[in-house]
A.B. asks: 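The structure under discussion is supplied below as C-alpha cells; questions concerning it will follow.
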Amino acid sequence: MIVCPFCRHEELIGSLYCSECGAELFYLEVSPPKTVLYENENRPGSGPTPGVAVGPAATTTAAPATLLVSLKILETGQIIPLEGSDEFTLGRISGNQPILPDIDLTPYKAYEGGVSRLHATLKIHADQITITDLGSANGTRINGKKIAAHRACLINHEDILSLGKFKVQLLIQKT
C-alpha cells in the first residue's frame, strides 16, 4: 500500500492520485532504487574500456552547466521564468482544489485553452528537460505531436508545448 503524504489515506500500489484528497502519488517510491557502481576492471562481463581513465585521473574540475529555463506564452509574449526548483507542475487554479500547480496559467486564459488543473510536469535535469502529461483531459503536445500520459518526454530549446490548445514555448539558456 502507498500512504498519501498529505492526508495519510492508504492507496493501492500504482495509484497516481489519492482518492481522498487528490494529491499526486506517482512520485512516491515503494522501495528505494539500488545502484551498484563498478570500477571498469570490476564490471561484470567486460574488461577495461580502451582510452578510458580509471581512478583519480578520471575526475574533472569543470563545473556542470546550469540551465536557465523559462516559458513564453505564445499568445501574449509574456515570459515566465522557472526558478527555485527542478520540478514544476503546470496547470490552473479552480475553486477550492486541494493541490495547486506550481505554475498557475489561469491569468493567461488557460481555462479557455483547455488546460487541466494539474496538466503536466516539467523536470529540469542537469543537461536536459522533460515534460510529463499528468493524464490531462485535453492532452499535451510537443511541436504538434501528442505525447502519452504519465511518460516523460525530452523537450528542447524553442519547442512549442501545447497544453490542450494553450501554447507555450520552452526557452533554455545554458550558463
A.B. asks: Is V115 linked to I73 within one hydrophobic cluster, defined over Ile, Leu, Val, Met, Phe, Trp and Tyr using a side-chain heavy-atom separation of less than 4.5 Å?
C.D. replies: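 Shared cluster, yes.
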
A.B. asks: Would you check if R92 and D104 make a side-chain contact, meaning some heavy-atom pair closer than 4.5 Å?
C.D. replies: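 The answer is yes; the side chains approach within 4.5 Å.
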
A.B. asks: For the atom pair CZ (R117) and CG (L105), what is the distance rounded to the nearest 0.5 Å?
C.D. replies: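 Rounded to the nearest 0.5 Å, the CZ-CG separation comes to 14.5 Å.
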
A.B. asks: What I'd like to find out is whether the side chain of I79 reaches to under 4.5 Å of the side chain of L71, using heavy atoms alone.
C.D. replies: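 They are not in contact (no side-chain heavy atoms under 4.5 Å apart), so the answer is no.
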
A.B. asks: Under the rule for side-chain hydrogen bond (donor to acceptor under 3.5 Å, both in side chains), what residues qualify as partners of N143, not counting sequence neighbours?
C.D. replies: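 side-chain hydrogen bond (donor to acceptor under 3.5 Å, both in side chains) check on N143 returns D159.
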
A.B. asks: On a heavy-atom basis, which atom in F166 and which in K109 lie closest, and how many Å separate them?
C.D. replies: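 Residues F166 and K109, closest heavy atoms: CD1-O, 4.2 Å.
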
A.B. asks: If you measure from CG on D133 to NE2 on H150, what distance do you get to the nearest 0.5 Å?
C.D. replies: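 That separation rounds to 7.0 Å.
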
A.B. asks: Closest approach of H157 and I172, non-hydrogen atoms and distance?
C.D. replies: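 Closest heavy-atom pair between H157 and I172: ND1-N, 3.0 Å.
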
A.B. asks: Quick one: closest heavy-atom pair of I93 and L100, and the distance?
C.D. replies: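 Looks like CG1-CD2, 4.1 Å.
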
A.B. asks: Heavy-atom distance under 4.5 Å between the side chains of E158 and N156, does that happen here?
C.D. replies: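 With C-beta onward as the side chain, the pair stays apart.
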
A.B. asks: Please say whether more than 12 non-hydrogen atoms of neighbouring residues, nucleotides or ligands are located less than 6.0 Å from CD in Q128.
C.D. replies: yes

A.B. asks: Tell me which one of L90, I103, L161 satisfies side-chain contact (heavy atoms from CB on, under 4.5 Å) with V168.
C.D. replies: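 That would be L161.
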
A.B. asks: Is there a path of hydrophobic side-chain contacts, each under 4.5 Å between heavy atoms of I, L, V, M, F, W or Y residues, that connects L67 with I131?
C.D. replies: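 Cluster IDs for L67 and I131 match.
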
A.B. asks: Check for a donor-acceptor pair, side chain of S116 on one end and backbone N or O of A137 on the other, with a separation under 3.5 Å.
C.D. replies: yes

A.B. asks: Partners of S162 by side-chain hydrogen bond (donor to acceptor under 3.5 Å, both in side chains), sequence neighbours excluded?
C.D. replies: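 By the side-chain hydrogen bond (donor to acceptor under 3.5 Å, both in side chains) rule, S162 matches no residue at all.
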
A.B. asks: When you measure from the side chain of E87 to the backbone of K123, do you find a donor-acceptor pair of N or O atoms at a distance under 3.5 Å?
C.D. replies: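 No, the answer is negative, given that no donor and acceptor are paired below the 3.5 Å cut-off.
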
A.B. asks: Rounded to the nearest 0.5 Å, what separates atom CD1 in I129 from atom CD1 in I155?
C.D. replies: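 Output value for this atom pair is 6.0 Å.
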
A.B. asks: Do Y111 and I99 belong together in a cluster built from hydrophobic side chains that touch within less than 4.5 Å?
C.D. replies: no

A.B. asks: What heavy-atom pair brings C153 and I142 nearest, and what distance separates the two atoms?
C.D. replies: CB-CD1, 3.8 Å

A.B. asks: I'd like to know if the side chain of H119 and the backbone of G135 have a donor-acceptor N/O pair within less than 3.5 Å.
C.D. replies: no

A.B. asks: Which residues satisfy the side chain to side chain contact (heavy atoms under 4.5 Å, CB included) test with D102, sequence neighbours excluded?
C.D. replies: F88, T89

A.B. asks: Are K167 and E75 close enough that some pair of their side-chain heavy atoms sits under 4.5 Å apart?
C.D. replies: no

A.B. asks: Would L163 end up clustered with I80 when hydrophobic side chains under 4.5 Å apart are linked, directly or stepwise?
C.D. replies: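 Hydrophobic grouping puts L163 with I80.
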
